[in-house]
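Written out below as structure tokens is the structure these notes cover.
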Amino acid sequence: MGNPNGAQFRNPAPPYPLAAVRLGQEGRVVLQVLVDEAGRPIKVDLRQSSGFPLLDQSALKAVKSWRFDPARIGFYPVSSQVRVPIRFALKE
């Protein structure tokens, strides 16, 4: 049946905004991504905010440049929607 969900390739993690680090901001962002047949994100929406605009914007900007393995029906790539969770956590 192929890949029904559309997995992400090894994409770079969103940068941790320096101002968010200084402020001790941590959180989880969940994005809803519409991926086209070529694996490009054509629409990225904030599904769940981290509670911090700096973290949300960093995640949105990064995922817009990511590439995905498109979902497939048999051998044919199709557009699909995937949820992408991103965690911003400061290490001690």
Is there a path from Leu54 to Val84 through hydrophobic residues (I, L, V, M, F, W, Y) whose side chains come within less than 4.5 Å of each other?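 Unlinked, Leu54 and Val84 end up in two clusters.
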Check for me, please, whether Tyr16 and Leu23 land in the same ILVMFWY cluster - side-chain distances under 4.5 Å, paths through other members count.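 Tyr16 and Leu23: separate clusters.
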Measure across Asp56 and Ser49 and return the closest heavy-atom pair with its distance rounded to 0.1 Å.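 Answer, listing the atom of Asp56 first, then Ser49: OD2-OG, 2.5 Å.
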Using 0.5 Å steps for rounding, measure from the CD atom of Gln25 to the OG atom of Ser50.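 One finds 7.5 Å between CD of Gln25 and OG of Ser50.
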What is the distance from atom CZ of Arg22 to atom CG of Leu90, rounded to the nearest 0.5 Å?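 That separation rounds to 13.0 Å.
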Could you tell me if the side chain of Ile86 sits less than 4.5 Å from the side chain of Val63, heavy atoms only?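 In contact.
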Are Pro14 and Phe88 packed together at the side-chain level, in the sense that at least one heavy-atom pair is separated by less than 4.5 angstrom?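 SC-SC contact between Pro14 and Phe88 confirmed.
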Answer yes or no: is there a donor N or O on one side and an acceptor on the other, between the side chain of [X] and the main chain of [Y], under 3.5 Å?
X	Y	result
Ser58	Pro15	yes
Ser65	Ala62	yes
Trp66	Pro12	yes

Sidechain N-carboxylate O distance under 4.0 Å for Asp45, Lys43: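 Lys43 and Asp45: salt-bridged.
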Pairs of donor and acceptor atoms involving the side chains of residues 29-42, under 3.5 Å and at least two apart or interchain, shall be tabulated with distances.
residue	atom	partner	partner atom	Å
Gln32	OE1	Arg83	NE	3.1
Gln32	NE2	Gln81	OE1	2.9
Asp36	OD1	Ala38	N	2.9
Asp36	OD1	Gly39	N	3.0
Asp36	OD1	Arg40	N	2.8
Asp36	OD2	Arg40	NE	3.2
Asp36	OD2	Arg40	NH2	3.0

